[in-house]
Amino acid sequence: MTQTAPETTADETAPPSRFTHREIMMTMSGLVIAMLLAMLDNMIVAPALPTIVGDLGGLNHLAWVTTGYVLASTAATPIWGKLGDLLGRRITFISSIAIFLIGSALCGMSQNMAELIGFRALQGLGAGGLMVGVMAVLADIVPPRDRGKYQGVMMAVMPVAMIGGPLAGGFITDHLNWRWAFYVNLPLGAVALFVCWFVLAKLPRKTSSQVRIDWTGAALLTVWITTLVLITTWGGTEYSWGSLTIIGLAAVTVAAFAAFVMVEKRAAEPIMPLSVFANRNFSLSGALSFVVGFAMFGGMTLLPQFQQYVQGSSATNSGLLLMPMMLAAMVFSLGGGVFTSRTGRYRALPIAGSVLMAAGLGLFATMGPDTSRTVTALYMVVLGAGMGCLMQTTMLIAQNSAPMRDIGAATGAATFLRNMGGSLGVSILGALYTNTLSDSFSSAPDGSAGSGTMAQMTPEVLRGLPEAIREAFADAVSKGIDTAFTWGAVAAAAGIVIALFIRHVPLRGFGGGSEADAVKAEPAGSLGASA
């Protein structure tokens, strides 16, 4: 029998009490630490993985240390968002931090690879609530009209994580013990818990005794997300794209997704309310988030390959080499946030960001063995500027397009789409890079001399090979990078088209206009665009 959603009461849609600027900044101190935990973890753990495998054994299970974390965090993201809507933001956000910290402590105590993989999944379960929790809490305490400048501050966390993470991970591995790569989360998380426990007390609490959780939808969501992530993780690496395993996973993904859509249409409190997708701006911002994740994460994963194999940079400095891109992203995010808060206008930002991102990826597609580090840094600035215009603006548009009672689910859906875009971008662009690299190197002069060791090639090994092989490999890497970034630029160009259809809907303030009005203000079928 079809269930209908209960009528929304005034208490459920009423915005929270107005927070002062001082209270907002105090709350953001806890949110920034929580976001740092989520972004810093993989950056710190990556340099320690070779040592971890040597200590615990199980090299053939190495990939699952990362895959288990990604699977759990991706599947949990929209679920945490909806639970925040149903149970209250404070309790769910604090719970996600606690689960993340418990998983971190258990990871540090692991005695074998099976334990580490399981505890990494537990850690990822908590991490899924950190990112969506940060943005949803921010949506509760700051109205969209003023949110841009505060969301821009969050971008400052990215350079810290990208630059400081690998350096901290290397130092911990070399001078302490790999277990501290996980234990380092505990003091940071304790501070975040302490701050959030007190500063989030002013958030509205759910008092209804009849909270209905869509467990069937959550289970189906977990199934199709898990199988889809496995396809993008295993396809072209562990299994060929035409293998029975990948085809079977694809069939399960389609079937589970279809069942998920049917369940969500009938559920009284769906994990991912499909009604928010009826709003055109929400759907467009979600699609743009997917494109941003695809192009950005796919590109960022491949840049160090070019810098290390072609330009001879060390792995230790990989974080520092990305500084121009991260700083540009931070500056443009902060500037865009201030612009949005002062003017109330935002439509130009996703358009300009999409153009800059496509231009940056297109410039990367022109790189070759003779491209200097200075030129590469300038290209990074272009890409970083595009990222800065897009990262927070797409989330702002999504939140402004959803009713307050569904703000957590909407935030979770937007975050999920970006994560899935990133997963597919890393997989597809990585496969293009690897295939082009293999074909180019094997057909190059003297390529056969080193083709047998290409799979085990490292920058250190490459430096010890004859000059002819070094040049052939560098040329092959350049061609692989060019191919991957060309397709990344094509995906980013699709983002330009999407951004052009986004309409300017005035940003809400807590004092004026209901969230429902924002949803109704923009019918899904309208294709006009306003300046």
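For the side chain to side chain contact (heavy atoms under 4.5 Å, CB included) test, no residue two or more places apart in sequence or in another chain qualifies with V331. For A491, the side chain to side chain contact (heavy atoms under 4.5 Å, CB included) criterion is met by F294, not counting sequence neighbours. In this structure, the side chain to side chain contact (heavy atoms under 4.5 Å, CB included) partners of V490, at least two apart in sequence or on a different chain, are W487. Applying the ring-ring contact (aromatic ring centres under 6.0 Å, His included) criterion to F416, with sequence neighbours excluded, gives W224. When the side chain to side chain donor-acceptor pair (under 3.5 Å) test is applied to T222, no partner is found at least two apart in sequence or on another chain. Y433 pairs by the side chain to side chain donor-acceptor pair (under 3.5 Å) definition with Q305, not counting sequence neighbours. Scored by the side chain to side chain contact (heavy atoms under 4.5 Å, CB included) test, L193 finds I94, I97, L101 as partners (sequence neighbours excluded). Annotation: ring-ring contact (aromatic ring centres under 6.0 Å, His included) contacts of W180 (sequence neighbours excluded): Y183. Taking F306 as the reference, nothing meets the ring-ring contact (aromatic ring centres under 6.0 Å, His included) condition, with sequence neighbours excluded.
The list of salt bridge (Lys or Arg N to Asp or Glu O under 4.0 Å) pairs with a residue in residues 71-82, not counting sequence neighbours, reads K82-E269, K82-D406. Among residues at least two apart or in separate chains, there is no ring-ring contact (aromatic ring centres under 6.0 Å, His included) pair with a member in residues 393-412.
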Donor-acceptor contacts under 3.5 Å from residues 363-371 side chains, at least two apart:
residue	atom	partner	partner atom	Å
T366	OG1	L363	O	2.6
T371	OG1	G368	N	2.8
T371	OG1	G368	O	3.2

